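Reading through the structure tokens given below for one structure.
Source: prediction; values computed, not measured. Just so you know, these numbers use all the heavy atoms, side chains as well, and skip hydrogens, waters and symmetry mates.
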Amino acid sequence: MSLTAFVSSIGRHIRESIVALGAFTRLFMAILARSGGAFKRFGLVSQQVHFIGNYSLLIIAVSGLFVGFVLGLQGYYTLNRYGSEEALGLLVALSLTRELGPVITALLFAGRAGTSLTAEIGLMKAGEQLAAMEVMAVDPIRRVLVPRFWGGVIAMPVLAAVFSMVGIIGGWVVGVLLIGIDAGAFWSQMQDGVDVFKDVANGVIKSLIFGVAVTLIALYEGWTAKATPEGVARATTRTVVSGALVVLGLDFLLTALMFSN
């Protein structure tokens with residue numbers, strides 16, 4: 001490849017990225033502008049909360065349980081070197097509420113609910129259902145995208161809370177029932193060391209932001225997917241990849257802002 005072709009290829013990719021970012025921002029603004037009436041017809045939002053949250057609950061709970069098991073084992077082996085096994089409950093709780101709960105839930109959310117949203121909207125576009133709504137003077141953004149957006153935003157913190165709760169139970173099973181750490185020390189260390197506003201609230205804020213980002217990416221990829229089976233398949237793949245990268249990048253920024261002091 002010649003230098004001119006290489007430079008032109010880079011310029012083309014940069015231009016396409018800027019155009020995609022502009023379209024993404026416009027769609028986000030359009031969803032926010034049409035969100036005023038979403039909660040007047042809360043049935044549409046509640047249906048999406050059930051679809052997104054309830055159908056993702058099993059994988060979130062099972063994953064949280066096994067993450068709690070691993071945290072209990074690894075935490076015990078690490079703390080045992082310093083004679084601080086009683087702090088296992090604190091280690092498990094802080095790891096889950098601050099970091100692992102929101103992040104892993106968002107990654108699983110992108111793989112389970114995000115791909116479902118992208119495929120659903122992409123198939124509606126391929127079947128010309130969105131175009132039919134416009135013909136009937138029904139705004140597809142207001143009717144299709146807005147309820148799904150708020151359904152994802154509401155479901156994400158709840159799923160992250162379930163993940164952290166089940167993970168703590170998993171850490172308790174390994175630490176107290178299997179290894180034999182004192183149960184009172186396990187829970188008292190956790191109670192004394194976990195701050196509701198600094199730790200739990202920051203985790204909730206993280207999960208809310210991750211919910212907005214992942215749900216919006218899923219909706220954008222479905223909305224802009226090519227109306228072919230191959231286009232929908234590629235859009236679902238981009239949802240997982242883009243969602244995971246955005247979650248990890250946002251996690252670094254949010255952690256630096258929240259816990260820098």
Side-chain angles (χ1 to χ4, degrees), residues 13-35 38 44-45 47-49 51-53 55-56 59-60 63 99 101-126 130 140-160 163 203-255:
H13 285 301
I14 294 175
R15 179 177 59 82
E16 292 175 353
S17 300
I18 294 174
V19 171
L21 181 61
F24 183 84
T25 305
R26 289 178 59 190
L27 181 63
F28 183 38
M29 293 295 105
I31 291 175
L32 292 182
R34 292 165 172 81
S35 296
L44 298 175
V45 179
Q47 289 176 5
Q48 296 305 316
V49 172
F51 173 76
I52 295 170
Y55 293 161
S56 303
I59 187 175
I60 294 294
S63 301
E99 192 67 27
V103 172
I104 298 181
T105 302
L107 296 177
L108 295 173
F109 185 86
R112 170 60 181 86
T115 53
S116 297
L117 291 174
T118 301
E120 183 181 15
I121 297 173
L123 291 174
M124 291 177 70
K125 184 177 182 180
L130 301 179
I141 294 179
R142 187 187 304 275
R143 180 62 179 80
V144 176
L145 298 190
V146 170
R148 286 162 175 77
F149 173 76
W150 287 110
V153 172
I154 294 171
M156 178 67 193
V158 178
L159 293 174
F163 185 98
V204 173
I205 293 172
K206 273 188 176 183
S207 61
L208 276 171
I209 295 175
F210 294 161
V212 171
V214 173
T215 307
L216 193 60
I217 289 172
L219 296 178
Y220 172 77
E221 293 294 347
W223 185 257
T224 59
K226 292 184 178 180
T228 61
E230 183 181 2
V232 175
R234 289 184 176 180
T236 55
T237 302
R238 288 196 300 268
T239 295
V240 178
V241 175
S242 301
L245 292 177
V246 168
V247 165
L248 295 175
L250 286 175
D251 179 55
F252 171 74
L253 295 176
L254 293 172
T255 301

Hey, do the aromatic rings of Tyr55 and Phe51 have their centres closer than 6.0 Å?
yes
Could you tell me whether Lys206 and Glu99 have a side-chain N and a carboxylate O separated by less than 4.0 Å?
yes
With rounding to the nearest 0.5 angstrom, report the CG to CG distance, Leu253 to Leu248.
11.5 Å
Shortest non-hydrogen contact from Leu250 toward Ala213:
CD1-CB, 3.8 Å
Could you pull out all residues at least two apart from Phe149 that satisfy ring-ring contact (aromatic ring centres under 6.0 Å, His included)?
none
Return yes if some donor-acceptor pair links the side-chain N/O of Lys125 with the main-chain N/O of Leu130 below 3.5 Å, else return no.
no
Which distance, rounded to the nearest 0.5 Å, do you find between the CG of Leu27 and the CG of Leu32?
9.5 Å
Given the options Val240, Thr236, Leu123, Thr118 meets side-chain contact (heavy atoms from CB on, under 4.5 Å) only with Thr236
Would you give the length of the straight line joining atom OG of Ser207 to atom CZ of Phe163, rounded to the nearest 0.5 angstrom?
12.5 Å
Show the numbers, then the answer: is there a side-chain contact (heavy atoms from CB on, under 4.5 Å) between Met124 and Val144?
CA-CA 10 Å; Met124 291 177 70; Val144 176; 3.9 Å; yes
I'd like to check Leu245 versus Val241 (side-chain heavy atoms, cut-off strictly below 4.5 Å). Are they in contact?
yes
Does the pair Thr105 and Ile60 meet the rule for a side-chain contact (heavy atoms from CB on, under 4.5 Å), with working shown?
CA-CA 7 Å; Thr105 302; Ile60 294 294; 3.9 Å; yes
Heavy-atom closest contact (Pro102 atom, Ala160 atom, distance):
CA-CB, 4.3 Å
Apply side-chain contact (heavy atoms from CB on, under 4.5 Å) to residues Ser63 and Leu108 and explain how you reach the verdict.
CA-CA 9 Å; Ser63 301; Leu108 295 173; 3.5 Å; yes
Below 4.5 Å, heavy atoms only, C-beta onward: do Tyr220 and Leu216 meet side chain to side chain?
no
Run the numbers on Ile52 and Leu117 for side-chain contact (heavy atoms from CB on, under 4.5 Å), then give the verdict.
CA-CA 9 Å; Ile52 295 170; Leu117 291 174; 4.1 Å; yes
Around atom CZ of Arg234, are there more than 12 heavy atoms of other residues, nucleotides or ligands at under 6.0 Å?
no
Which heavy atom in Arg112 sits nearest to a heavy atom in Ser56, and how many Å separate them?
CG-OG, 3.4 Å
How about Trp150 and Thr215: do any of their side-chain heavy atoms sit closer than 4.5 Å?
no
What pair of heavy atoms forms the shortest contact from Ile141 to Ala30, and how long is it?
CD1-CB, 4.1 Å
Which atom pair, heavy atoms only, marks the closest approach of Gly151 to Val49?
CA-CG2, 3.7 Å
Do Val247 and Phe109 come within less than 4.5 Å of each other through their side chains, counting heavy atoms only?
no
Between Arg148 and Leu219 the two heavy atoms that sit nearest each other are CB-CD2, 4.0 Å
